[in-house]
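Take a look at the structure set out below.
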Amino acid sequence: MKVALGQMGAGPDKAQNLHRIATLAGKAAATGADLVLFPEAAMVGARPGESLAPSAEPLDGPFVSGLQQLASRHRMAVVAGMFEPAGSDRVYNTVVAVGGDGRLIGAYRKIHLYDAFGQRESDRIKSGDGQTLTFELGGLGIGVMTCYEVRFPEMARRLSDLGADLILLPAAWVRGPLKEMHWDTLARARAIENTVYVAAAGQVSATYAGLSAIYDPMGVAVVSGGESEGVVAGEVTRERIDEVRLTNPSLSLRRPDVYAGWQLVRT
């Protein structure tokens with residue numbers, strides 16, 4: 001299966017962002033991609049501290065409808081980040097997946113919010129309730145998590161346990177000291193420890209580092225994006241997953257019987 005990554009920087013105008021997504025989707029389709037992944041918050045960008053509530057849309061709003069039209073036009077699955085209303089002045093940080101037939105496959109609301117490195121995502125965003133998103137495409141299981149969640153191995157392991165062979169990781173990774181090194185290390189680690197592919201598409205701007213890449217189950221970069229807006233594409237295969245799992249059968253060597261005794265009990 002061929003996976004394309006649409007690296008871009010979202011601005012405050014939703015219509016312009018959707019137009020840019022459409023342009024990149026066309027380039028992705030030209031590579032023969034079966035799926036194109038866009039960044040976290042691809043729908044709209046906002047200044048720090050600015051409320052996202054006025055820009056939020058339901059899943060049947062114009063942004064998702066636009067993605068559905070693109071998916072149908074190119075017969076290609078489209079996955080992208082958006083914001084949904086969450087009541088009051090907060091929103092959900094949501095990733096939607098649309099099939100190549102234009103059908104909405106599902107949506108994932110980010111669970112682990114970025115309250116770190118001087119940021120307070122929870123001031124504007126409400127955490128999801130823990131529901132995950134997995135689906136099948138091209139004979140592979142696919143799971144979704146978002147940006148900061150690469151720091152939580154429990155999230156990737158849960159998706160792997162649910163059958164994900166490929167984890168999609170839309171992101172808006174803020175630049176900063178050691179941050180790019182953290183991203184590369186953690187994204188590779190999530191692929192290696194679960195013997196899965198990890199495909200990440202990042203926002204790129206003066207604030208966001210880009211860092212779009214596909215890592216294989218050994219942590220090898222299949223493709224990586226540059227430092228500007230654009231599309232890269234690479235193959236993910238069942239054969240590579242099976243090959244790696246013969247060499248490194250770490251999933252089958254787990255010891256849940258032992259781990260059960262490690263659970264902390266607070267009294």
Side-chain angles (χ1 to χ4, degrees), residues 1-6 33-42 59 67 71 76-82 84 92-100 103-114 127-173 183 186-202 211-219 222-223 234-238 240-242 244-245 248 250-252 254 256:
M1 180 172 72
K2 181 166 280 190
V3 176
L5 311 173
D34 302 287
L35 179 151
V36 59
L37 174 66
F38 290 99
E40 175 186 25
L59 295 179
L67 297 183
M76 174 181 65
V78 178
V79 179
M82 63 172 292
E84 282 184 278
Y92 291 113
N93 186 339
T94 300
V95 177
V96 293
V98 178
R103 177 180 61 89
L104 178 63
I105 295 171
Y108 167 66
R109 293 170 172 174
K110 189 177 182 183
I111 298 167
H112 304 88
L113 301 183
Y114 184 48
S127 176
D129 63 4
Q131 295 296 310
T132 55
L133 173 62
T134 57
F135 59 97
E136 291 189 6
L137 184 70
L140 296 176
I142 298 175
V144 178
M145 62 187 197
T146 306
C147 197
Y148 181 58
E149 296 185 309
V150 75
R151 294 185 182 274
F152 296 85
E154 300 89 346
M155 186 72 194
R157 179 53 55 86
R158 174 61 176 164
L159 295 173
S160 174
D161 284 343
L162 290 172
D165 304 299
L166 164 64
I167 293 175
L168 303 180
L169 182 59
W173 197 259
W183 171 266
L186 292 166
R188 290 178 193 266
R190 300 295 83 85
I192 295 166
E193 69 197 3
N194 293 292
T195 54
V196 299
Y197 285 92
V198 170
L211 304 175
S212 300
I214 299 174
Y215 299 102
D216 83 354
M218 277 291 195
V222 177
V223 294
E235 295 283 347
V236 301
T237 70
R238 166 65 59 194
R240 178 58 171 162
I241 295 169
D242 292 343
V244 170
R245 289 179 178 176
N248 176 26
S250 56
L251 292 182
S252 64
R254 287 182 295 170

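Separation of atoms CD1 (Ile167) and OH (Tyr197) is listed at 13.5 Å; rounding is to 0.5 Å. The distance from atom CD1 of Ile192 to atom CG of Asp216, rounded to the nearest 0.5 Å, is 8.5 Å. Taking OH from Tyr148 and NE2 from His112, the interatomic distance works out to 9.0 Å, rounded to the nearest 0.5 Å. In this structure, Ile105 CD1 and Glu136 CD are separated by 11.0 Å, a value rounded to the nearest 0.5 Å. Atom CG of residue Asp165 and atom CG of residue Asp242 lie 8.5 Å apart, to the nearest 0.5 angstrom. One finds the CH2 atom of Trp183 at 4.0 Å from the CG atom of Leu169 (value rounded to the nearest 0.5 Å).
Side-chain contact between Ser250 and Glu193 is absent, with no heavy atoms from C-beta onward closer than 4.5 Å. Contact of the Arg245 side chain with the Val196 side chain is registered, since non-hydrogen atoms from C-beta on lie closer than 4.5 Å.
Counting only distance, with no hydrogens or angles, the side chain of Ser212 and the backbone of Gly202 share a donor-acceptor pair below 3.5 Å. Between the side chain of Asn248 and the backbone N or O of Val244 there is no donor-acceptor pair closer than 3.5 Å. In this structure a side-chain-to-backbone donor-acceptor pair under 3.5 Å is present from Glu149 to Ile111.
Val198 and Ala187 get closest at one heavy-atom pair: CG2-O, 4.0 Å. For Glu40 against Cys147, the heavy-atom pair with the smallest separation is OE1-CB, 3.1 Å. Residues Ala199 and Val3 come closest through the heavy atom pair CB-CG1, 4.3 Å.
In the displayed structure, Arg240 atom CZ is contacted under 6.0 Å by more than 12 heavy atoms of other residues, nucleotides or ligands.
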